[in-house]
Trainee: 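Next up is a structure, given as structure tokens.
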There are 2 protein chains.
Amino acid sequence: MKKLAAQPLYKQVIREVMAAVEAGEWQEDESLPSEVELGQRFGVSQGTVRKALDALVAESVLYRRQGVGTFVAGMSDFLMRGRFALLTDPKGEVPKIELLGCVKIHAGEQLAEILGLRRGAALWQVRRLLRVAGQIVGLEELLLPEANFPELEMRRIRELKGNLRELCWRDFGVRLQDGETRYRAVCAGSAEARLLQVELNEPLLQLVRLAKDFSGKPQVWSVAWLKTEELAFEPSVSA
Amino acid sequence: MKKLAAQPLYKQVIREVMAAVEAGEWQEDESLPSEVELGQRFGVSQGTVRKALDALVAESVLYRRQGVGTFVAGMSDFLMRGRFALLTDPKGEVPKIELLGCVKIHAGEQLAEILGLRRGAALWQVRRLLRVAGQIVGLEELLLPEANFPELEMRRIRELKGNLRELCWRDFGVRLQDGETRYRAVCAGSAEARLLQVELNEPLLQLVRLAKDFSGKPQVWSVAWLKTEELAFEPSVSA
DNA sequence: AAGTGGTCTAGACCACCAA
DNA sequence: TGGTGGTCTAGACCACTTT
């Protein structure tokens, strides 16, 4: 492998491996060739392959099992990684997701800019409710450009048990990369207050994230609102 | 350096460097010895030192400047590790800490229970302001039992540039362990509104943490309020 | 026993920055 | 020019899992 554009070798390896994963060269939970073999394939040493795989493991594109191999990771959902626990019942609970609806809206100025679209472009708005032990604890709203996700339907979302990452990949060929999450405190607006069954202006923890595909193109804008009055939320270390 | 308890060398180096930082061997924004020198000191190679420093840089305990050196990051304190960036100026900024005051108060019922004290026990209340690029972005309040920290004074806190962890260890022999942080959204009370210069009831991101010593005894209760209107905050991945 | 990931080394070269 | 971080190698050994 040559030094192109002054890019370090390990970054080139990241791109190559990522491309192979996207091309479906190895299936989910199927093991990649060993680090040594990958090194031979790309003409770099095992250490360099390892550094590249480290990055992809950190992004949870891959996972490793010592003594066994490196595997293509399944895709868990992209928002709401973390521990949730009700204060009244402080066990580590996995929240249940309830799909509320999927409607078509049009992008306002800000949203259009964020997603790199023209103003007024069609978007899917998907809303989901989060419950822990039956109690409503959060609301998630996702916005996806209709152009990239034609004919997105509730039925299809439901079939995948709410795993939108996998849906984007399987049905639309869009492989999402986790973006960074911004944490904010906001007041409940009318829509949030109604859906979360809280008072207007009640403070909520807001998580905002822009997920891009691996070419860097913005694909999904997601916002979540969490009730933190009775809920302990601790962001996860990653996957 | 020997292989103790089957711990990899780089993890031992992490612990050693972390301990040295906590002990104040190098001041904030002061450069560490070079990677080669650290390798000689710990009896490991440069590559191993590098792997250890990588982890500490990822946790923003250290930062690097290519061609110059590796430095101790500000905010080696125990709350609010993470990246801060103003939306108007989205560079990774290191917040400055401004000590507001240190007064003696008495524990209410809840606080007494949390810290394992009797009601009305004397506590030190330390308040600090966080600024990024001059702007006020956060307020931190720490509560420490007077019995364990006799004669805590502002002067002593100031001398250590706000590193309360180090003060607890050096002056009082209390070695603090990071606890888990709970993230909440709350409305600004009168005290917070005044100190942060925001409206009453403005939503704020609240971080709450109970730090214990290594025997498991609660020692410091800390609460921080962050303005998230113009500030992007991303919690850091900690060890 | 064989194959994998996990760690570590000694040495090398480059890019960057300061004096 | 000299020192620093940033990258890379070839080879080695260990720990773990499967056969």
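Residue numbers start from 1 in every chain, and the chains themselves are labelled A, B, ... in the order their sequence lines are given, proteins ahead of strands.
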Trainee: In whole Å, what is the span from the CZ atom of B:F71 to the C1' atom of D:dG3?
Mentor: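 These atoms are roughly 12 Å apart.
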
Trainee: Given side chains that start at C-beta, do those of A:R128 and A:L142 come closer than 4.5 Å, heavy atoms only?
Mentor: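 Yes; the side chains approach each other to less than 4.5 Å.
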
Trainee: Figure out the CD1/P separation between B:I14 and C:dC8, and round it to whole Å.
Mentor: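 That distance rounds to 10 Å.
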
Trainee: Would you please confirm or rule out a distance under 4.0 Å between OP1 or OP2 of C:dG11 and any side-chain N or O of B:S45?
Mentor: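 False: B:S45 side-chain N/O out of range (4.0 Å or more) of C:dG11 OP1/OP2.
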
Trainee: When you measure from the side chain of B:R182 to the backbone N and O of A:T228, does any donor-acceptor pair fall under 3.5 Å?
Mentor: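 Such a contact is found between B:R182 side chain and A:T228 backbone.
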
Trainee: Identify which nucleotide among C:dT9, C:dT4, D:dT17 has an atom closest to any side-chain atom of B:L9, counting heavy atoms from C-beta outward.
Mentor: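 Between C:dT9, C:dT4, D:dT17, the one nearest the side chain of B:L9 would be C:dT9.
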
Trainee: Just to be sure I understand the rule, does A:E35 reach a base, reach only the sugar-phosphate, or reach nothing, if contact means heavy atoms closer than 4.0 Å?
Mentor: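 A:E35: backbone/sugar contact only, no base atoms under 4.0 Å.
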
Trainee: Round to the nearest Å and state the distance from A:Q40 atom CD to C:dG3 atom C1'.
Mentor: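 Distance check: A:Q40 CD to C:dG3 C1' gives 14 Å.
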
Trainee: Ignoring backbone atoms, test whether A:R64 places a side-chain nitrogen or oxygen under 4.0 Å from the OP1 or OP2 oxygen of D:dC16.
Mentor: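 False: A:R64 side-chain N/O out of range (4.0 Å or more) of D:dC16 OP1/OP2.
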
Trainee: Could you tell me the separation between the CG atom of A:L38 and the P atom of C:dG3, rounded to a whole number of Å?
Mentor: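 To the nearest whole Å, that distance equals 17 Å.
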
Trainee: Quick one: which of D:dG5, D:dT18, D:dT7 gets closest to the side chain of A:V68?
Mentor: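 Comparing D:dG5, D:dT18, D:dT7 against the side chain of A:V68, the answer is D:dT18.
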
Trainee: Look at B:Y10 and C:dC8 and indicate whether a side-chain polar atom (N or O) is within less than 4.0 Å of OP1 or OP2.
Mentor: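 Indeed not, no polar side-chain atom of B:Y10 lies that close.
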
Trainee: May I have the distance from A:L32 (atom CG) to C:dG3 (atom P), rounded to whole angstrom?
Mentor: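 After rounding, the gap between these two atoms is 19 Å.
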
Trainee: I want to check something: taking the side chain as every heavy atom from C-beta on, are B:D54 and B:R64 in contact at a cut-off of under 4.5 Å?
Mentor: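 The answer is yes; the side chains approach within 4.5 Å.
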
Trainee: Counting only side-chain heavy atoms from C-beta out, which of C:dT9, C:dA15, D:dA15 sits nearest to B:V44?
Mentor: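 Shortest atom-to-atom distance from the side chain points to C:dT9.
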
Trainee: Rounded to the nearest angstrom, tell me the gap between atom CD in B:Q66 and atom P in D:dG5.
Mentor: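 Those two atoms, CD and P, are 10 Å apart.
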
Trainee: Which nucleotide in the list D:dC16, D:dT9, D:dG6 gets nearest to the side chain of B:Q46?
Mentor: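 The answer is D:dG6, which lies nearest to the side chain.
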
Trainee: Nearest whole Å is fine: how far is D:dT4 C1' from B:L62 CG?
Mentor: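 After rounding, the gap between these two atoms is 15 Å.
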
Trainee: May I ask you to evaluate whether B:K51 reaches the phosphate of C:dT7, defined as a side-chain N or O under 4.0 Å from OP1 or OP2?
Mentor: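 True: B:K51 side-chain N/O within range (under 4.0 Å) of C:dT7 OP1/OP2.
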
Trainee: Less than 4.5 Å apart, any side-chain heavy atom of B:W26 and any of B:V17?
Mentor: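 The answer is yes, as the side chains (C-beta and beyond) meet within the 4.5 Å cut-off.
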
Trainee: Report the residues that fulfil ring-ring contact (aromatic ring centres under 6.0 Å, His included) with A:F149, sequence neighbours left out, ordered by chain and then residue number.
Mentor: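 A:F149 satisfies ring-ring contact (aromatic ring centres under 6.0 Å, His included) with A:F172 once adjacent residues are dropped.
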
Trainee: Side-chain N or O of A:T70 versus OP1/OP2 of C:dG5: is the shortest distance under 4.0 Å?
Mentor: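 Result: yes.
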
Trainee: Would you kindly compare A:R65 and A:T48 by the position of their nearest DNA chain D nucleotide and give the one closer to the 5′ end?
Mentor: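 Comparing both residues, the 5'-ward one is A:T48.
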
Trainee: Think A:R50 has a side-chain N or O under 4.0 angstrom from the OP1 or OP2 of C:dG6?
Mentor: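 Yes.
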
Trainee: Output the rounded distance in Å from CG (A:D54) to P (D:dG6).
Mentor: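 After rounding, the gap between these two atoms is 16 Å.
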
